[in-house]
Structures are given as structure tokens and as C-alpha cells.
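Each remark here refers to the structure printed beneath this line.
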Number of protein chains: 2
Amino acid sequence: MARDTRERILAVARDLVHGASLAEVSTEDVCRAAGVHKGSLYHFFPSKEALGGAVLEHNWDMMRAVLEESFADDVAPLDRIDRFVESFVRMLTLMRERFGVTPGCPLGTLASEVAAHGGEARAQAGRVLSGWMGYFSTAISEAKGRGDVPADVDPGEAATRVLALMQGLALLAKAHDDPGLVLLARSDIRLLLRASR
Amino acid sequence: MARDTRERILAVARDLVHGASLAEVSTEDVCRAAGVHKGSLYHFFPSKEALGGAVLEHNWDMMRAVLEESFADDVAPLDRIDRFVESFVRMLTLMRERFGVTPGCPLGTLASEVAAHGGEARAQAGRVLSGWMGYFSTAISEAKGRGDVPADVDPGEAATRVLALMQGLALLAKAHDDPGLVLLARSDIRLLLRASR
DNA sequence: GAAAGATTTGACTGATCGGTCAACTCTGGT
DNA sequence: ACCAGAGTTGACCGATCAGTCAAATCTTTC
């Protein structure tokens with residue numbers, strides 16, 4: 001019960017927000033689950049919205065760790081994307097076991113919720129989604145360089161398509177409570193990129 | 001101020017839910033905007049969740065009208081899908097003008113929210129999404145019959161992919177406040193189906 | 001060990017939440 | 001003219017909401 005209170009609040013908030021929206025989780029829920037009083041929460045976070053932003057940032061850190069690992073250049077660029085999809089599905093499956101329901105995409109769902117509030121929150125959501133897309137974009141660029149993807153493919157636009165596909169599959173996975181649906185992304189992405197391998 | 005109170009409540013609720021989640025809209029918001037008292041709302045709807053369900057059903061009716069129109073068989077099957085995408089984008093654009101923000105997909109977003117509550121709501125969400133997918137599925141089947149789509153394409157699975165893509169693009173459109181993003185779906189769908197035309 | 005700051009407590013506020021209720025008005029049918 | 005039931009009112013409930021605050025308690029530093 002020492003200096004890690006902030007982290008504990010954050011971790012608990014993240015757990016509660018999955019499977020529900022931020023709006024459905026109250027600060028009191030968070031405090032109760034974290035074994036902490038309201039004052040402590042507001043000592044570390046100026047508002048509930050700020051807490052939501054911190055959760056998004058935290059999820060982004062986790063996702064970035066997965067991205068860094070998946071996009072290591074020991075395999076061909078497009079295989080890195082496959083590897084990421086698989087890690088992503090593993091993540092969703094783990095969450096499903098922990099929370100009993102399939103969550104939506106930990107970034108996309110939250111981002112689209114806070115984005116609706118406008119202002120700094122929208123900017124943050126944009127930053128996160130762009131950051132994510134960056135990984136796809138560079139991999140696609142590199143694949144182009146190797147001739148795995150046709151030269152007329154625009155990496156930025158293609159990355160948008162890939163990200164959209166994954167978001168949509170994650171949404172359907174949530175609605176059907178079946179994380180495995182997202183695995184469809186692997187073959188779809190090759191088709192989307194008109195990839196030769 | 002006569003028999004149409006129920007419809008007015010429904011219409012107002014639908015307007016308020018766009019650009020926000022159902023959880024973010026209170027029954028009092030709805031009543032205030034509809035010029036109606038709480039008792040009236042609860043005269044027509046047994047609970048807030050039921051109101052959410054009715055909004056979803058209402059949106060599904062609207063979407064089905066668009067689907068029926070777009071999927072009329074006066075053009076080739078895959079062209080019907082294009083036509084639907086365009087109508088869908090027009091719908092999003094209109095909403096953006098009305099509400100000042102780009103809404104998410106009126107079906108997908110709501111469906112995934114109510115689905116998290118489990119029970120009848122989840123079943124309803126499933127019904128709606130399956131119903132939607134049915135239109136894609138039949139069109140793809142027909143395209144297969146004409147040889148526009150390879151024989152090894154499974155229409156049901158392909159419809160899932162197409163729907164996922166649209167949902168994802170709609171989510172990104174909301175985050176970026178740009179409905180036009182969804183138009184990317186037209187070319188993507190051809191690629192996804194390995195279509196010859 | 002004392003001063004200084006970071007952290008934690010727990011009671012509190014005013015607003016708002018979803019939902020209820022008994023009483024009232026309006027309406028169509030006979 | 002009367003009735004029955006649909007629709008409406010507006011006050012109300014207990015719970016919960018996000019957020020506040022002064023006082024108490026730890027930690028750190030010197």
C-alpha cells in the first residue's frame with residue numbers, strides 16, 4: 001500500500017472499462033475495486049476524463065510493447081503483421097478469460113469514446129490511432145521495397161484499410177463473444193494489399 | 001402532441017445516442033429534448049435498456065430500407081454493394097451535418113454496446129448484425145453464380161469480412177470526423193472477394 | 001527529531017441518475 | 001351522457017454520480 005496506488009487505480013480502471021464503456025464505470029466502482037478512497041483518486045487524477053485518458057495511454061503502452069515485439073525485423077514485413085494479429089487475438093482471448101466477456105479493441109473502443117468529447121481527448125485518440133497505423137505503414141513500405149506488394153499501393157492509405165479491418169473484426173468479435181474471428185484478418189490483409197507473399 | 005409521443009421519444013433518443021453512447025444519455029435528457037415527462041417515457045418503455053433496444057430496432061428499420069433499395073437487382077450483385085456503401089456514406093454525412101459530429105455506425109456501435117449487457121439485448125444485437133450480413137451474403141452468392149467471384153469463396157464468411165471492414169471504417173470515420181473514409185470500402189470489398197468485376 | 005511535502009482518510013456536497021406513483025386529462029366507443 | 005382505458009402530469013424515491021475538503025498520517029530530507 002505504498003507508492004503504487006496510482007498504478008493500482010489505473011490497473012483497476014482498465015479492468016473495469018473493458019467489456020463496458022468508460023461512462024458505465026463510476027469513480028466509486030474504481031475506488032472500491034482498488035481499495036482506495038475518492039480523495040486518493042482525485043489526488044492523482046484531476047477528473048474522470050483524465051483518468052480515462054490515462055487508461056487509454058496505458059493501453060497504448062501495452063499495445064506498443066506488443067507491436068514492438070511483433071514488428072521485429074527477423075521475419076518478412078507481411079509476416080510481422082500476421083504475428084501481430086496473432087498476438088492481438090491472444091490478448092483478446094486472455095481478456096475474455098479474465099473478464100468473462102470478449103472486450104472490444106482496448107484502443108479503438110476507448111479512443112472512439114473519448115474522441116466524442118472533443119478537445120485534448122480527441123487529439124490524444126488521434127495520436128494513438130496514428131501511432132498504431134505507423135507500424136503497419138512502415139511494414140507495408142518495406143514490403144513494397146521487396147516487391148511483396150505492388151508499387152502503386154500507398155502505404156499510408158493501405159495502413160488505414162488494415163487498421164479498419166482489425167477494428168471491425170474486433171467489434172464483431174465482441175458482439176459475437178468470439179475473439180477468434182479476428183484471425184480472419186491475416187488472409188484479408190494479404191488480399192487488401194494484393195500481396196504476392 | 002397526440003398519438004406520436006412514442007415516435008417523438010424514439011426519434012429524440014436516436015438523435016442523442018448518436019455521437020455518444022447510450023450510457024452517456026440520460027432518460028432526463030431524452031425527456032427534456034422530447035418535451036415530455038418521465039412518466040410518459042416509462043409509459044411506453046419499461047426501462048432505459050428497452051428504450052435502447054427500441055432505438056436499435058428503429059435504426060435497423062431505417063438501415064433495412066436503405067438495404068432494400070441498394071440491393072435491388074437492377075444492377076450486378078457487386079454493384080449493389082457499391083451502391084449500398086455510397087448510400088451509407090450519404091447517411092453518415094447527413095448525420096454529421098445534423099449533429100455536428102460524425103456518428104459511428106448506427107447499428108454496429110449500439111449493437112456492441114447493448115450486447116455487453118447480455119441476455120435478450122445480446123440476442124437482438126446478433127439478430128440485427130446477422131440480418132445485415134444476409135444482404136451481403138446473398139449478393140455474394142449471386143455474384144459467385146455469375147462467375148464474378150471465385151467458386152471457393154464462402155458467402156457467409158465473406159459477408160463477415162465485408163461487414164467488419166465497414167464497421168472498422170465507420171469507427172475510424174468517427175474518430176477522424178470524416179465520413180468519406182468509408183468510401184474506401186468499395187475497392188476493398190472487390191479485393192476481399194477476389195472479384196473479377 | 002523536526003520541518004516539509006506527499007499521500008490518505010472519510011465525511012460531505014449538490015446534482016443527477018433510473019424508476020415509481022397516484023392523480024389527472026384526453027379520447028373513442030356505446 | 002357515460003365509461004374505460006390510453007396518455008400525461010409532476011412530484012417524489014433511494015441510489016448513485018463526479019468532485020471537494022480539512023484534517024490526519026505517512027515519507028523524505030536535512
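Given the structure is predicted, the values throughout are model-derived calculations rather than measurements. Naming convention: chains lettered A, B, ... in sequence-line order (proteins, then strands); numbering from 1 in each chain. The analysis underlying the following values was restricted to heavy atoms, covering all of them including side chains, and did not include hydrogens, waters or symmetry mates.
Using modelled atom types, one side-chain atom of A:Asp154 and one backbone atom of A:Glu157 make a donor-acceptor pair closer than 3.5 Å. A distance-only check finds a donor-acceptor pair linking the side chain of A:Gln124 to the backbone of A:Gly53 [under 3.5 Å].
Between the side chains of B:Ser87 and B:Arg90, at least one donor-acceptor pair of N or O atoms lies under 3.5 Å. Under the 3.5 Å distance criterion, with hydrogens and angles disregarded, a donor-acceptor pair is assigned to the side chains of B:Ser187 and A:Arg161.
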Under-3.5 Å N/O pairs linking protein and nucleotides 15-19 of chain D:
| from | atom 1 | to | atom 2 | distance (Å) |
| --- | --- | --- | --- | --- |
| D:dC17 | OP1 | A:Ser26 | OG | 2.9 |
| D:dC17 | OP2 | A:Ser26 | OG | 3.4 |
| D:dC17 | OP2 | A:Glu28 | OE1 | 2.8 |
| D:dA18 | OP1 | A:Lys48 | NZ | 2.6 |
| D:dA18 | OP2 | A:Thr27 | N | 2.7 |
| D:dA18 | OP2 | A:Thr27 | OG1 | 2.9 |
| D:dA18 | N7 | A:Lys38 | NZ | 3.3 |
| D:dG19 | OP2 | A:Tyr42 | OH | 2.8 |
| D:dG19 | OP2 | A:Lys48 | N | 2.8 |
| D:dG19 | N7 | A:Lys38 | NZ | 3.3 |
| D:dG19 | O6 | A:Lys38 | NZ | 3.0 |

Each nucleotide N or O in nucleotides 3-5 of chain D that has a protein N or O under 3.5 Å away: list the pair and distance.
none

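One hydrophobic cluster, built from ILVMFWY side chains closer than 4.5 Å, holds both A:Leu56 and A:Phe99.
Whole-Å rounding puts the B:Asp4 CG to D:dG7 P distance at 11 Å. As a whole-Å value, the separation of A:Phe44 CZ from C:dG5 P is 18 Å. In this entry the distance linking NE2 of A:His43 with P of C:dG5 reads 14 Å, nearest Å.
Counting only heavy atoms from C-beta outward, the side chains of B:Trp132 and B:Arg127 never approach each other to under 4.5 Å.
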inquiry  = What verdict does the side-chain contact (heavy atoms from CB on, under 4.5 Å) test give for B:Leu10 and B:Phe45, after you've listed the backbone C-alpha separation in whole Å, the side-chain angles of each residue and the deciding distance to 0.1 Å?
reply    = CA-CA 10 Å; B:Leu10 211 46; B:Phe45 305 95; 3.9 Å; yes
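At D:dT8, none of the side-chain N or O atoms of B:His37 fall inside 4.0 Å of OP1 or OP2 (strictly under the cut-off).
Under 4.0 Å is where a charged nitrogen must lie from a carboxylate oxygen, and between B:Arg80 and B:Asp73 no such pair does.
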